[in-house]
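Counting starts at 1 for both ligands and their atoms, in listed order.
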Amino acid sequence: MCGIVGYVGKRKALPVLVDGLKRLEYRGYDSAGISLVQKSEIKTWRAVGRVSELEKKLDLAEAGNVGIAHTRWATHGAPSEKNAHPHLDCGKNISLVHNGIIENYTELKKILIKKGHKFSSDTDTEVVAHLIEEIAKKKSFLMAFREAVKILEGTYGLAVITNKEPEKLYCARKGSPLILGVGRDEFIVASDASAIINHTKKIVYMEDGEIAEITPDSFNIFNGKNNHKEDKKIFEINLSDEQVKKQGFPHFMLKEIHQQPEAVRNALLGRVEKFTKDGGTSVLGGLRDVENRLKKIRRMVIVACGTSYYAGLTGKYLLEEFADLPTEVESASEFRYRKNTIDRHTAVLAISQSGETADTLEAVREAKLKGALTLGIVNTVGSTIARETDAGIYCHAGPEIGVASTKAFSSQLSVLVLLALMLGRERKLSFSESKAIAKEMEKIPEKIEQILENKNAIKKLAKKYARCTDWLYLGRKYSFPIALEGALKIKEISYVHAEGYAAGEMKHGPIALIDEKFPSFFVAPSDSVYEKTMSGMQEVKARKGKIVAIATVGNKKIKELADDVLHIPESLEALSPFLSATVAHLFAYYVGTERGYDVDRPRNLAKSVTVE
Ligand code: F6R
């Protein structure tokens with residue numbers, strides 16, 4: 001999704017801004033732009049397409065120590081040069097970049113047009129520049145900025161410069177993340193840390209409603225309630241530049257699939273020790289503060305989107321099986337806008353890699369309002385969801401750069417297993433059952449490694465099926481969410497039509513699609529529903545449908561039905577999703593690359609979806 005970088009300091013701003021934009025490319029975007037303050041004027045460049053297109057128009061030696069830059073993911077107005085940010089006012093004295101959506105922009109635009117303002121884009125963002133211009137006719141820039149953002153409805157992360165105050169950068173945040181990197185004689189503002197970490201590890205998180213006024217020597221952050229200056233804490237972030245590079249892999253996605261064993265190990269680190277002592281439970285320090293409330297909950301509602309939602313579906317099976325806890329999973333985008341019956345005996349668990357997904361964040365806010373205990377399983381440390389939930393568990397998967405989520409999924413599953421064990425031990429789960437699951441859990445990274453060692457078999461098969469344009473992904477029980485995840489992944493990066501279904505549902509409709517040109521991908525480990533899954537496979541075979549199957553190693557019989565089989569190591573039924581997901585991720589990756597697509601930056605997609 002859109003990315004923001006801003007610089008104010010003693011160095012030339014342009015190289016820092018361009019580098020920052022490149023580091024934000026993974027978020028997904030369709031155009032980019034930069035503005036610099038140069039003496040008494042603002043100079044702006046914009047380009048459609050990649051940052052490299054913008055770079056062609058720039059001379060990196062260009063003077064200017066204050067500037068803003070943006071990668072845009074179109075919401076209002078087509079991807080075009082005129083709609084790319086930054087946007088300026090009529091007098092070309094104010095330039096700004098914006099993440100989020102201004103919901104009342106149509107009304108504001110009408111009013112501003114009546115007052116004589118001329119607009120040059122179709123965006124919602126441009127109204128903000130004109131609005132500040134209008135108010136600044138009678139007030140100082142800071143006052144005008146403050147007043148303008150109060151009028152805005154919707155969400156925004158804003159970075160603004162003006163040639164009237166050429167040494168300053170202004171920012172404001174509501175519902176869209178903005179952080180401030182504190183360097184020596186310089187500050188870098190960005191929508192995420194990857195644009196900052198090569199300059200400084202010292203970070204200040206802006207909160208909703210806050211406004212920042214930044215010069216090369218100092219920064220002031222004011223709250224939105226009474227404009228008082230806030231005493232902001234400077235955090236040290238633990239994210240290395242190396243972590244956000246490809247490290248020899250052709251794509252981030254492949255690197256991140258290979259990091260799944262490490263992601264699982266990191267999620268377990270220090271959290272399963274107690275299994276070797278009395279108690280046989282997991283230790284989730286992030287939940288300590290809400291221990292007593294958690295003991296009283298009678299119901300869990302998981303809210304999430306996309307891949308995180310599918311992790312949540314797996315979580316439902318885990319929590320109900322091991323913790324006897326009634327659990328529902330709901331798309332975060334649906335949760336907020338319908339009447340729901342949550343109360344203080346309900347825990348609402350948000351799952352999010354980025355911790356910034358607008359739908360999930362709003363669901364958390366709604367749940368809080370209703371008095372529910374809110375919990376988070378979040379990967380990005382310090383993100384908004386991590387900060388706004390009552391308590392949570394970090395995934396510790398490290399930064400995920402590839403737009404399609406892979407290793408975050410494995411780490412979310414790991415945390416869900418730990419949560420199910422912890423809650424299970426407080427309820428009915430026996431010590432020996434719990435210990436057996438934990439022991440097997442510790443073997444999962446090695447088993448994923450075995451799959452990775454065998455990736456060439458998956459690559460070969462992907463090549464064979466790369467030209468297929470439709471797929472049905474099918475699985476039962478623990479394999480059902482994996483069927484959904486596998487279908488989502490192949491859609492996202494291969495632009496192939498795929499539908500994920502509960503295998504038992506196939507006969508209720510999708511079976512009509514099956515013929516010799518419409519293949520099915522069965523997730524069929526040897527588990528308690530294996531025989532039932534086989535019935536579905538028979539039905540496909542009877543209609544001449546091609547079948548690719550994930551099966552447990554040693555299952556040779558499946559070849560009687562499946563045309564091609566990808567094996568996973570043996571494991572517990574509840575933990576098989578880790579293994580099948582790795583196969584499904586690799587399969588999608590190889591189909592995508594075989595079809596010649598840039599799998600790290602799939603068209604139309606954004607890494608962090610910060611609009612509702
Ligand atoms: C799929 C994918 C998306 C995200 C979804 C939620 O590969 O990446 O479906 O899973 O946008 O994002 P987070 O987990 O950041 O809330």
Side-chain angles (χ1 to χ4, degrees), residues 1-3 26-28 73 175-177 191-194 251-254 256-257 260 263 302-315 329-336 349-364 375-386 388-389 392-395 397-413 415-416 473 481-482 484-496 498 500 581-582 584-589 591-592 597 599-612:
M1 190 130 283
C2 306
Y26 78 94
R27 293 166 67 98
W73 184 79
S176 190
S191 46
D192 86 53
S194 43
H251 295 99
F252 282 113
M253 184 175 173
L254 190 61
E256 285 156 10
I257 293 173
Q260 306 213 47
I302 298 178
V303 289
C305 304
T307 289
S308 299
Y309 172 77
Y310 300 144
L313 279 182
T314 313
V329 192
E330 185 152 356
S331 286
S333 54
E334 284 298 308
F335 181 84
R336 186 183 180 198
L349 169 65
I351 305 180
S352 176
Q353 186 288 125
S354 60
E356 302 294 351
T357 301
D359 290 318
T360 312
L361 176 60
E362 290 308 329
V364 167
L375 307 173
I377 293 180
V378 173
N379 188 37
T380 308
V381 176
S383 56
T384 314
I385 295 174
E388 291 202 11
T389 40
I393 315 159
Y394 278 121
C395 292
E400 192 179 63
I401 310 289
V403 166
S405 190
T406 54
K407 66 171 176 173
F409 182 68
S410 303
S411 66
Q412 289 165 347
L413 293 186
V415 173
L416 285 161
Y473 273 66
I482 304 307
L484 296 173
E485 166 63 3
L488 174 67
K489 213 97 300 173
I490 200 162
K491 266 192 280 239
E492 284 182 301
I493 58 170
S494 312
Y495 315 145
V496 157
T582 306
H585 286 164
L586 279 168
F587 187 73
Y589 170 78
V591 171
Y597 298 126
V599 295
D600 278 342
R601 285 173 292 188
R603 69 185 181 207
N604 306 338
L605 292 184
K607 181 66 188 160
S608 166
V609 185
T610 49
V611 293
E612 270 192 87

In this structure, OH of Y394 is separated from OG1 of T380 (nearest 0.5 Å) by 8.5 Å
Would you please test I302 and L349 for side chain to side chain contact (heavy atoms under 4.5 Å, CB included) and show each step? CA-CA 5 Å; I302 298 178; L349 169 65; 4.0 Å; yes
Is a donor on one side and an acceptor on the other found under 3.5 Å between the side chain of S354 and the backbone of E356? yes
Sorted by chain and residue number, the side chain to side chain contact (heavy atoms under 4.5 Å, CB included) partners of T307 (sequence neighbours excluded) come out as S405, F409, E485, L488, K489
Under a strict 4.0 Å criterion on non-hydrogen atoms, which protein residues are in contact with ligand 1? C305, G306, T307, S308, S352, Q353, S354, T357, V403, A404, S405, L488, K489, E492
Can you sort out the partners of T406 under side chain to side chain donor-acceptor pair (under 3.5 Å), two or more places apart, ordered by chain and number? none
Could you list the residues that satisfy ring pair (Phe, Tyr, Trp, His ring centres under 6.0 Å) with Y589, not counting sequence neighbours? H251
